[in-house]
Structures are given as C-alpha cells and as structure tokens.
Protein chains: 2
Amino acid sequence: MLENKISNAVIRRLPRYYRHLGELIEMGVERISSNELSMRMKVTASQIRQDLNNFGGFGQQGYGYNVKHLYVEIGKILGLDKKHSLVIIGAGNLGRAIANYGNFEKRGFIIEGIFDINPKLTGSTIRGIEVRNLDEIEDFAKEHEIDIVALTIPKAQAINVAERLARLGVKAFWNFAHTDLNVPDNVIVESVHLSESLMRISYMLENGSSFD
Amino acid sequence: MLENKISNAVIRRLPRYYRHLGELIEMGVERISSNELSMRMKVTASQIRQDLNNFGGFGQQGYGYNVKHLYVEIGKILGLDKKHSLVIIGAGNLGRAIANYGNFEKRGFIIEGIFDINPKLTGSTIRGIEVRNLDEIEDFAKEHEIDIVALTIPKAQAINVAERLARLGVKAFWNFAHTDLNVPDNVIVESVHLSESLMRISYMLENGSSFD
DNA sequence: AGATAATTGATAAATATTTGACAAGCTAGG
DNA sequence: CCTAGCTTGTCAAATATTTATCAATTATCT
C-alpha cells in the first residue's frame, strides 16, 4: 500500500531468496554480493538487485548485502515475524504430511486443529493434536481465529467446506484439491495442484526444455 | 521444435485448461466458446484464444470449440497419451499420498517402485507395491526405464539421490524437498516447494491482494 | 435461401518483466 | 588519508505477456 506496488513476479521470488539466505546463514556466510548470489540461485544479478530494491536499499556499495540482516528483513516482508494459525481439513496422507512437517511451526504457522470426515481417523492424534469430526469445524471456526485453512480432501468436499468457512470469515485457503474454489475475490487462495505439476513434467519430457 | 516456440506462460496454463475441459465433459457440455470458458476460468477470452492458437486452429467461427476434441488435443500436447514410469523416493506421508492418488495412473503415470531408507517401512507394501531399500535404487534404475523420480525425502538426501540418478540417465525429477537440486541443465526439475507456497499466503495476509 | 448473431484467429496496442549499463559511493590495503 | 577495485541502485532498452479490436467465417433462425 505504501510502496508503489510490488509486482507479482517479485513476490513469487521472495520465498526463494529467503530460503537461500537461510542456507547461507547456516553455512556461516556473513555477506554476499548480488553477483555471488546470482550464481548460487541461477538468476541474473540485475534481477536480484532490482527485486530487493522494491523494499528499500538493503545493500551497500562496495560491500554487498549483509546476509543475516537481509534474511530478517525479507522475513518481515513475508510476515514471518508474526504467528499464523493453521487448520488442516483432511487427515489423510497429505494432511498428515503437512501436520508432521515441523518447520512450518518454526516459521510461525501454528496448527490449531485437524479435521476429517472419516470416523476411523477422528479421535486419533497427530503430533499431539486430536483429529476432530468435520461437523465440528464451523463451531470451531467461531471459537478460534483461523488465519489459514489447508484443504487436503477431495474436490467436492473442498469446494463445499471452503464456501462455508469463507462465510465465517476465513481469509486464506491453502488448496490441495484438484479444483478451483468458489470463494469471494477478497479471499486468498493458494493452490497446490499436484496433477498440473506432473503434467508439466510430461510436457517437458515430450518437448525438451525446462523452465523455472 | 516444429512450432515457432511456445512461451512458458502458455505451457503453465495448459494443464488448467485440460482440467476444466475434463470437468465440462463430465457435465455433458459438448461445445464452448472462448467467452463462456473465460467466465468459468476467470481469465480473458482473448488469452484463451491466443493460447490455443499456438497449437493450431481448434475452434470454429460462430461455433466455438468442441470440448471433447479440445480435451484430447491438449492431452496429446501434454504427452498424456503416452505412459510414463514414476518412481517414488521416500515412503513417508507425502510419498504415500502420491502413491495412493489413483488419478495419476489414469493419466498414464505408472508407479514402478517406491524406495525408503527406513527399515521400518521397507518390506511393507503401498497399493500392492513393495517398499524397497534405498540402497537398491541404482540397480533398479539400471534394470528399469525410469521417466520421473519423485523425491519426498529430506533435502540433503534429495540432493544426493538426484545427483546419482541423473548420472544414471533419469531425465526428470519431481522435487518436494525444500531445496534446489544440483543436476545438469538438460535434466528436468519440477519443484513443489510447500514452504514457499505457505510463505506467499503469509505475504498476502499481510498485504492484501491475491494473485493467480 | 438470406439475414442476423455469434465467434474465431490475427494483428496491433498496452502492460509487465527482465536485462544491460554506468555513475556514485563504499571498502580495503597500503 | 588516498587510491584501486567492488558493488549497489537506478534508468533505459530489450523482451515477454496480456489485452483490445475487428475482419472474416460459420451457425442459426425464419
């Protein structure tokens, strides 16, 4: 809002910068130039400088960028300095994979609940979190502030649950169902369509050439 | 190669057209205009016409596009008329999620093997496929033609396995590890970085605005 | 069969994104 | 404290992508 307007292309790249900077910190690297980083990340140095400049001058001429500082600043831009509550709908393999990946919690994404329709799963626990019956999701949403809902259920159910929860004020969906969701435009939808990803591989196998 | 050169942006959209056309077939829709499709998919009609025209004139003035025909043609472009062998490295929740999602097989992606390093998992079966010890992967790769390797293991192992298998001629990796792979440029890498996806949601929660 | 409405494919214009180039400023070494 | 060598931030040029427009063609209706 303050800034003129950050382009989508830049936003899509930010998490990757964040990841690489984190790796550099682990390696004990204190400073890095756009040129060194460009070789590591296989993008142009010009793009890195221009991307980062959207958010202010993090670098210094003759020195480069301070890795730790840049990491923290990009983290703030991405909102990783704040906690976000996450609810998982679907306790199948995919839902459990997300629930069990500990690094999300480290980044401030707190799993507040897991829901499923299958009575064989409800009542069991995943990482200490009880799997509740999906019927309870609306009451739960009223009692808890939910930032993000991960949908790891079949498409018909995903569409239905998303509509209901959007009405209750959920602002973001992380959609793993193989469908588009039907929610108002102001609701955030980030979809992970695995079948589309696999089809792109198929295309590339046919036609050679790889893309970002 | 034949065609002048299809832009990346177009390729990235093809699987989504394919999915929507599949849904239209299920609904019994026989023909559709770029304008109707544009409302369904929430993209411009102009973009649809231009995208499809990259591959030849599938439409007809005054009529629109024949849904079934377009679906089949896009399927061919994506290489879905051919079978592809798939090996999954990592029998954790994510690997099992992929193995258990039956629709991949319908699209011609045949799971030829599942591998893991964990002795508690090796020997068990997933959808009738035995989980083998990761040590056997290189022998397996020599005996079988593997088109695609899905990596659902931690990053250090993923980098290592990808390097070894790329040397043995594997041409495509479906990478779920939170890292870049280190393979030659002619090897296809399609990465699904869940943490980056989640960070984009975090950014959007902070800054409003949603993007494709 | 002719008139009207629908709809594509193609072209051109408008936007968006990426890359190249370089002055200005900082570092580091003597 | 001065100089040589880096390296950024910025501006402009080059590419890539998206959108608007419209002539030409086909379907549909009477």
Side-chain angles (χ1 to χ4, degrees), chain A residues 3-17 20-21 24 29-71 73-74 77 200 207 209-212, chain B residues 3-17 20-21 24 29-71 73-74 77 200 207 209-212:
Chain A
E3 332 291 323
N4 222 8
K5 182 64 172 79
I6 310 299
S7 92
N8 280 352
V10 175
I11 305 305
R12 272 196 293 270
R13 284 190 291 267
L14 277 185
R16 185 153 181 264
Y17 289 125
H20 277 272
L21 290 164
L24 288 167
V29 177
E30 284 192 358
R31 58 181 262 194
I32 195 161
S33 68
S34 58
N35 209 46
E36 289 171 290
L37 191 55
S38 83
M39 288 183 297
R40 234 187 110 76
M41 296 183 60
K42 293 183 182 163
V43 296
T44 64
S46 186
Q47 179 165 82
I48 291 173
R49 293 203 297 276
Q50 186 148 103
D51 280 358
L52 297 179
N53 246 142
N54 279 290
F55 305 100
F58 296 131
Q60 201 157 32
Q61 286 147 322
Y63 175 88
Y65 298 87
N66 179 288
V67 174
K68 177 83 189 174
H69 177 243
L70 190 54
Y71 179 79
E73 290 303 316
I74 293 180
I77 292 164
R200 279 189 282 270
N207 300 272
S209 90
S210 181
F211 46 80
D212 41 297
Chain B
E3 333 290 323
N4 221 7
K5 181 64 172 81
I6 310 298
S7 92
N8 281 351
V10 175
I11 306 305
R12 271 197 294 270
R13 283 191 291 268
L14 277 186
R16 184 153 182 265
Y17 289 126
H20 277 272
L21 290 165
L24 287 166
V29 176
E30 284 192 359
R31 60 183 258 195
I32 194 160
S33 68
S34 59
N35 209 47
E36 289 170 292
L37 191 55
S38 82
M39 289 184 296
R40 234 186 109 75
M41 296 184 60
K42 293 183 183 162
V43 295
T44 63
S46 187
Q47 180 165 81
I48 292 172
R49 291 203 299 276
Q50 188 146 104
D51 281 357
L52 298 180
N53 246 143
N54 278 290
F55 305 99
F58 296 130
Q60 201 159 31
Q61 286 148 322
Y63 175 90
Y65 298 87
N66 179 287
V67 174
K68 177 82 189 175
H69 176 243
L70 190 54
Y71 178 80
E73 289 303 317
I74 293 181
I77 293 164
R200 280 190 280 270
N207 300 271
S209 92
S210 181
F211 48 79
D212 43 297

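Fair warning: this is a prediction, and the values are worked out from it, not measured in the lab. Chain naming here is simple, since letters A, B, ... match the order of the sequence lines and numbering starts at 1 in each.
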### Task
Using whole Å, report how far CE of Met41(B) lies from P of dT19(D).
13 Å
Identify every side-chain donor-acceptor pair in residues 58-70 of chain A under 3.5 Å, counting partners at least two apart or on other chains, and give the distances.
{"unit_1": "Asn66(A)", "atom_1": "OD1", "unit_2": "Lys68(A)", "atom_2": "N", "d": "3.2"}
{"unit_1": "Asn66(A)", "atom_1": "OD1", "unit_2": "His69(A)", "atom_2": "N", "d": "2.8"}

Provide a list of protein-nucleic acid N or O atom pairs under 3.5 angstrom, restricted to nucleotides 14-17 of chain C.
{"unit_1": "dT17(C)", "atom_1": "OP2", "unit_2": "Ser7(A)", "atom_2": "OG", "d": "3.4"}

### Query
Does Tyr17(B) have any ring-ring contact (aromatic ring centres under 6.0 Å, His included) partners at least two apart in sequence or in another chain, and if so, which?
none
What nitrogen or oxygen pairs link the protein and nucleotides 4-8 of chain D at under 3.5 Å?
{"unit_1": "dT7(D)", "atom_1": "O4'", "unit_2": "Gly62(A)", "atom_2": "N", "d": "3.0"}
{"unit_1": "dT8(D)", "atom_1": "OP1", "unit_2": "Ser34(A)", "atom_2": "N", "d": "2.7"}
{"unit_1": "dT8(D)", "atom_1": "OP2", "unit_2": "Ser34(A)", "atom_2": "OG", "d": "2.6"}
{"unit_1": "dT8(D)", "atom_1": "O2", "unit_2": "Gln61(A)", "atom_2": "NE2", "d": "3.0"}

### Task
Give the C-alpha distance, both sets of side-chain angles, the deciding distance and a yes or no for side-chain contact (heavy atoms from CB on, under 4.5 Å) between Leu24(A) and Tyr71(A).
CA-CA 10 Å; Leu24(A) 288 167; Tyr71(A) 179 79; over 6 Å; no
### Query
OP1 or OP2 of dT19(C) less than 4.0 angstrom from a side-chain nitrogen or oxygen of Thr44(A), does that happen here?
yes
#### Entry: Partners meeting side-chain hydrogen bond (donor to acceptor under 3.5 Å, both in side chains) with Glu30(A) (sequence neighbours left out)
none
#### Entry: Residues in salt bridge (charged side-chain N to carboxylate O under 4.0 Å, His left out) contact with Arg49(A), at least two apart in sequence or another chain
none
### Task
Sequence neighbours left out, what passes salt bridge (charged side-chain N to carboxylate O under 4.0 Å, His left out) with Arg13(B)? Give chain and number order.
Asp51(B)
### Task
Check for a donor-acceptor pair, side chain of Arg200(B) on one end and backbone N or O of Ile11(A) on the other, with a separation under 3.5 Å.
no
Review item, nucleotides 11-14 of chain D N/O atoms under 3.5 Å of protein N/O:
{"unit_1": "dC11(D)", "atom_1": "N4", "unit_2": "Gln50(A)", "atom_2": "NE2", "d": "3.1"}

Show every donor-acceptor pair shorter than 3.5 Å between a side-chain atom in residues 38-47 of chain A and any protein atom, with sequence neighbours excluded, or say none if there are none.
{"unit_1": "Ser38(A)", "atom_1": "OG", "unit_2": "Asn35(A)", "atom_2": "O", "d": "2.7"}
{"unit_1": "Arg40(A)", "atom_1": "NH2", "unit_2": "Glu23(A)", "atom_2": "OE1", "d": "2.8"}
{"unit_1": "Thr44(A)", "atom_1": "OG1", "unit_2": "Gln47(A)", "atom_2": "N", "d": "3.1"}

### Query
Between the two ends of the helix from dA1(C)-dT30(D) to dG30(C)-dC1(D), what is the bend in degrees, rounded to 10 degrees, where each end axis spans five pairs?
30°
### Summary
Closest non-hydrogen contact found for Ile77(A) with Leu14(A) is CG2-CD1, 3.7 Å
